[in-house]
Number of protein chains: 2
Amino acid sequence: MNKDKHLTSDEISGMLKSAGLSATSQRIGLCRYVLCEAKHPTVDDVRSWAAGQGLKTSLATVYNTLHALCKAGMLKDLRFPHSEKVVYDNNVDPHHHFLDDDTGSIVDIPITEFDYKNKLGSEFEIHDVDIIIRGKLKLKD
Amino acid sequence: MNKDKHLTSDEISGMLKSAGLSATSQRIGLCRYVLCEAKHPTVDDVRSWAAGQGLKTSLATVYNTLHALCKAGMLKDLRFPHSEKVVYDNNVDPHHHFLDDDTGSIVDIPITEFDYKNKLGSEFEIHDVDIIIRGKLKLKD
DNA sequence: ATGATTGCAAATGATTTGCATCATA
DNA sequence: TATGATGCAAATCATTTGCAATCAT
């Protein structure tokens, strides 16, 4: 999760155009949330945020935009075992996830904690490793 | 995956009863597939198998049965990132999975290949670690 | 007998799609 | 202005549910 990237509308607009996407007002608005502010939001989260902002956006456009951002590599879609809803992650660098079984909240885990490539036989060509650590997040004291 | 457990109907019947489930013919039939023969089947796979066997079973019963078997610990439900369908696994011992990005086929990976518990800070109470290794399965030569 | 299980069909929830309208480059 | 984006509503796909009929113990 990139917390508070604080991208300006112009910066977002530029990023969209570099990705070959036209910079519509709904896309810029949604990006402001999904690329900066949001932590692992679902489509519903994005819609609610947009509604709260008075940003007029249809469901189809939310899906279209999120798909376009994923295809452009600006966002990643994740599916966790506890839910059938896709969640989106603006941290597109390799990393893993901790999933709180009680609250459903998701915490990013740096990938350097683990390393397992090249532990399997040569018939396995590894592209990627998804790790979901499930448990309970305890309050620090 | 437990390949070919070759359970008899009586054995399955006994397992069901020990789990507090009555041994109906559809449950015994579905178990024959799902506990012995099948490798990571989806609900559709189970239905097709049943249809091919002439085993009359409704969709609702397939879902009911699979849920009951999961609750009884005889089966595990898994959700992979490439599909919105749940797949079922009769290997209920801890292990991880290799997912072929091209074919969607799934291979079990022994858990002993990896070990990362106790690598996170103490605020993470770890219950379980799900690992999905994505890549391509090459033909052995 | 009686309580659990089945089957059907309708309901739900997430996501996708078709198409006419509209905005951006 | 022409292409691509939007919005709406209907469609689809997986899964769940309500309820009457049926089966296992």
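Each chain gets a letter, A, B and so on, in the order its sequence line appears, and its residues count up from 1. Quantities reported herein were computed from a predicted structural model and do not represent experimental measurements.
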Residues A:His95 and A:Asp89: side-chain donor-acceptor under 3.5 angstrom: yes
When rounded to whole Å, the CG to P distance for the pair B:Leu30 and C:dT5 reads 14 Å
Of the candidates D:dT16, C:dT6, C:dT15, the side chain of A:Leu59 sits closest to C:dT15
From CD of B:Gln26 across to C1' of C:dC8 the rounded distance in Å is 14 Å
Taking C:dA4, C:dG7, D:dT6 as options, the one with an atom nearest any side-chain atom of B:Ala60 is C:dG7
Centroid separation under 6.0 Å, is that true for the rings of B:His40 and B:Tyr88? no
> Is any side-chain nitrogen or oxygen of B:Thr42 closer than 4.0 Å to OP1 or OP2 of D:dA14?
Replying inline: no
note: B:Leu66, atom CG; D:dA14, atom C1'; distance rounded to Å ~ 13 Å
Against the side chain of A:Val86, the closest entry in C:dT15, D:dA24, C:dA25 is C:dT15
d(B:His96 NE2, B:Ile131 CD1) to nearest 0.5 Å is 4.0 Å
Answer with base, sugar-phosphate or nothing: what part of the nucleic acid does B:Thr57 contact at a heavy-atom distance below 4.0 Å? sugar-phosphate
Determine, for B:Asp100 against B:Lys136, whether the closest basic-nitrogen to carboxylate-oxygen distance falls under 4.0 angstrom.
-> no
Side-chain atoms of A:Ser22 come closest, of C:dT17, C:dT5, D:dA5, to D:dA5
Considering only heavy side-chain atoms of A:His67, the closest of C:dT24, C:dT16, C:dT15 is C:dT16
B:Lys85 side chain N/O closer than 4.0 Å to the phosphate oxygens (OP1, OP2) of C:dA14? no
N/O (side chain, B:Ser58) to phosphate O (OP1/OP2, C:dG7) under 4.0 Å
yes
* **Contact under 4.0 Å: B:Ser25 side-chain N or O vs D:dC23 OP1/OP2** => no
> Do A:Ser9 and A:Arg32 touch side chain to side chain, with heavy atoms closer than 4.5 Å?
Replying inline: yes
Of C:dT17, D:dA5, C:dT15, the nucleotide closest to the side chain of A:Val43 is C:dT15
Regarding the side chain of B:Tyr63, the nearest nucleotide among C:dT6, D:dT15, C:dT15 is D:dT15
Of the candidates D:dA5, C:dT5, D:dT6, the side chain of A:Thr61 sits closest to D:dT6
In whole angstroms, the gap separating P of C:dG3 from NZ of B:Lys17 amounts to 20 Å
